[in-house]
Amino acid sequence: MRRFLVLYNPGSGTDSGRAIAERFKEIAKGDNAIHHIYLHSFDEKTDKEQLREKAEANQIDTLVIVGGDGTIRHVVQTFRDCLANYKIGLLPGGTVNNFMRSLDLPLDIGEASRVILGDETQAVDYGVVNGEVLISTLTIGILADTAADITQKEKQKYGPFLFVKRFIDLLRKRKRYNLNVVTDETTWHGKSQLLSINMTHSVGGFTRYDRLARPDDGILHMTIMPKLNIWELIRYSPKILQGRLYDLPQIEYLTARSVRITAQEINVGTRIDGDPSMDLPVEIEVIPRGLQILIKK
């Protein structure tokens, strides 16, 4: 017998979080085993302490998260001090579902539900940024700026096309930030249009972004692009599509277990798992294999 707490974000992705949670409950009832399933909405208004108490009181062993990377991140943050007590199941309810894609999890509700009921787990890493959880990707520069003014409704309506248009508009402006990057092994300083830190090989739903990265390697993978040129991106597109950004001559590629990033400018923002987050400076570290994620057998 297993005990599930299904957490859904009513404002995530297609706004169908409750319906997805109910669908999982329905599928679980048809399973051969007996399960206890509790549904609970989860957003910024949720009383996090009360939620943890509910999970403990009901002897929950599996947290099922309906939503995208941002929702996953906030749930992990909520249960961070007691993650060892829970397996985590993922149901697609976001716009991109990048973290699920990186683990090759199905994006069909029925298939994803059966993965959760199958009870096979994989230990994967997560990061901590100034005390806040990082699940998938942190960006500074043009990618963070690209998404800064895009609302959730615009994401749902226009999808990736809106990101591409805004990205090209900002690329033409050639804005760069003076960054100082200090890792546990090396230091980099210079002007950059883009810095990304990824926990897996997938970024923005592109699952071949970085072929060197694995979700359980205990490493932060950093890509620094001092100067972006649309024609050079086209020229090197075969390598980019192969997940070999680190082979491009203008790219700085660093790996580390911890890093501190500062900027000479003020109000340089970051974006964590698709959501706007804190300004620089940031300190980031890896929590190796800190999550037990339910995966395909």
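It should be emphasised that the depicted structure is a prediction, and the values quoted were computed from it without experimental measurement. We use all heavy atoms of the structure for the numbers below, so side chains are in, but hydrogens, waters and symmetry mates are not.
- In this structure, E56 has no side-chain contact (heavy atoms from CB on, under 4.5 Å) partners at least two apart in sequence or on a different chain.
- Stacking of K48 on the aromatic ring of F42 is recorded, both the 6.0 Å distance cut-off and the 45° axial limit being met.
- A donor-acceptor contact under 3.5 angstrom links the side chains of S196 and Y209, judged on distance only.
- Every residue meeting the side-chain contact (heavy atoms from CB on, under 4.5 Å) condition with E53, not counting sequence neighbours, appears here in chain and number order: E49.
- Every residue meeting the salt bridge (Lys or Arg N to Asp or Glu O under 4.0 Å) condition with D104, not counting sequence neighbours, appears here in chain and number order: K296.
- Within the 3.5 Å criterion, the main-chain N or O of G94 finds a donor-acceptor partner in the side chain of N97.
- Linking ILVMFWY residues whenever their side-chain heavy atoms come closer than 4.5 Å, directly or via other members, places L138 and L220 in the same cluster.
- The shortest non-hydrogen separation linking A123 to R289 is CB-CB, 3.6 Å.
- Legend: residues meeting side-chain contact (heavy atoms from CB on, under 4.5 Å) with R3, ordered by chain and number and at least two apart, are M1, H36, Y38, Q59, I60, D61.
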The test is side chain to side chain contact (heavy atoms under 4.5 Å, CB included); show your working for I219 and V286 and say whether it passes. CA-CA 7 Å; I219 295 173; V286 179; 5.7 Å; no
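- Checked by atom type and distance alone, the side chain of N98 pairs as donor or acceptor with a backbone atom of G205 at under 3.5 Å.
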Original post:
Passes side chain to side chain contact (heavy atoms under 4.5 Å, CB included), T187 versus N180? Steps please.
Top reply: CA-CA 8 Å; T187 299; N180 193 49; 4.2 Å; yes
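- Side-chain contact check for V66 versus T71: every heavy-atom pair is 4.5 Å or farther apart.
- Both F79 and I293 are members of a single hydrophobic cluster when ILVMFWY side chains are connected at heavy-atom separations under 4.5 Å.
- Identified under the salt bridge (charged side-chain N to carboxylate O under 4.0 Å, His left out) test for residues 122-137, with sequence neighbours left out: R73-E132.
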Notebook entry, point to check: Going through the distances and angles, do L107 and R101 end up as a side chain to side chain contact (heavy atoms under 4.5 Å, CB included)?
Noted result: CA-CA 8 Å; L107 300 182; R101 292 176 190 272; 3.4 Å; yes
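- Pairing each heavy atom of P10 with each of D43, the nearest pair is CG-OD2, 4.0 Å.
- Atom-to-atom distance recorded for I295:CD1 and I116:CD1 is 12.5 Å, nearest 0.5 angstrom.
- Sequence neighbours left out, the pairs with a member in residues 248-260 that pass salt bridge (charged side-chain N to carboxylate O under 4.0 Å, His left out) are R260-E283.
- Within the 4.5 Å cutoff, side-chain heavy atoms of T121 are placed close to those of L294.
- Using a 4.5 Å heavy-atom cutoff, the side chains of I72 and D273 are not in contact.
- At least one side-chain heavy atom of I197 sits under 4.5 Å from a side-chain heavy atom of I261.
- Side-chain contact between H74 and N9: absent, with no pair of heavy atoms (C-beta onward) separated by less than 4.5 Å.
- Residues passing the side-chain contact (heavy atoms from CB on, under 4.5 Å) test with Q50 are D47, sequence neighbours excluded.
- When the side chains of ILVMFWY residues are joined at heavy-atom separations under 4.5 Å, either directly or via intervening members, I65 and Y126 end up in a single hydrophobic cluster.
- Panel note: side chain H201, backbone T207; a donor-acceptor pair is recorded below 3.5 Å.
- L51 places a side-chain heavy atom less than 4.5 Å from the side chain of L5.
- Annotation: salt bridge (charged side-chain N to carboxylate O under 4.0 Å, His left out) contacts involving residues 181-201, sequence neighbours excluded, are absent.
- The closest side-chain heavy-atom distance from S192 to R176 is not below 4.5 Å.
- Between N267 atom CG and L280 atom CG the span is 10.0 Å, to the nearest 0.5 Å.
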N/O donor-acceptor pairs under 3.5 Å from side chains in residues 21-30, not counting sequence neighbours:
unit_1 : atom_1 : unit_2 : atom_2 : d
E22    : OE2    : R18    : NE     : 3.1
E22    : OE2    : R18    : NH2    : 2.8

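- The ring pair (Phe, Tyr, Trp, His ring centres under 6.0 Å) check on Y253 picks up Y246, with sequence neighbours excluded.
- Y8 contributes atom OH, which lies 6.0 Å from atom CG of L39 (distance to the nearest 0.5 angstrom).
- Side-chain N or O atoms of N58 include one that pairs as donor or acceptor with a backbone N or O of K54 at under 3.5 Å.
- Proximity of a side-chain donor or acceptor of T270 to a complementary backbone N or O of T139 within less than 3.5 Å is not detected.
- Closest non-hydrogen pair, G110 versus D108, comes out as N-OD2, 3.1 Å.
- Nearest heavy atoms, R2 versus T62: NH2-OG1, 3.5 Å.
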Exercise for review: Would you check, one step at a time, whether the test side chain to side chain contact (heavy atoms under 4.5 Å, CB included) holds for V96 with D69?
Suggested key: CA-CA 8 Å; V96 179; D69 288 10; over 6 Å; no
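- Scanning for ring pair (Phe, Tyr, Trp, His ring centres under 6.0 Å) contacts around H35 gives F4, with sequence neighbours left out.
- Within the 3.5 Å criterion, the main-chain N or O of L179 finds a donor-acceptor partner in the side chain of H189.
- For the pair G269 and D279, the tightest heavy-atom approach, listed with the atom from each and the gap, is CA-OD1, 3.3 Å.
- Between the CG atom in L103 and the CG atom in L90 there is a gap of 7.0 Å [rounded to 0.5 Å].
- Panel note: side chain E265, backbone N178; a donor-acceptor pair is recorded below 3.5 Å.
- Cluster annotation: L63 and L117 are assigned to distinct hydrophobic clusters (Ile/Leu/Val/Met/Phe/Trp/Tyr, side-chain heavy-atom contacts under 4.5 Å, transitive).
- The salt bridge (charged side-chain N to carboxylate O under 4.0 Å, His left out) contacts involving residues 76-99 comprise K87-D119, where partners must be two or more places apart or lie in separate chains.
- Shortest non-hydrogen contact noted between S136 and S202 is OG-O, 4.1 Å.
- Placement of M278 and Y177 within a single hydrophobic cluster is found when ILVMFWY residues are connected by side-chain heavy-atom separations under 4.5 Å, directly or transitively.
- Here the CZ atom belonging to R271 is positioned 13.5 Å from the CD1 atom belonging to I140, to the nearest 0.5 angstrom.
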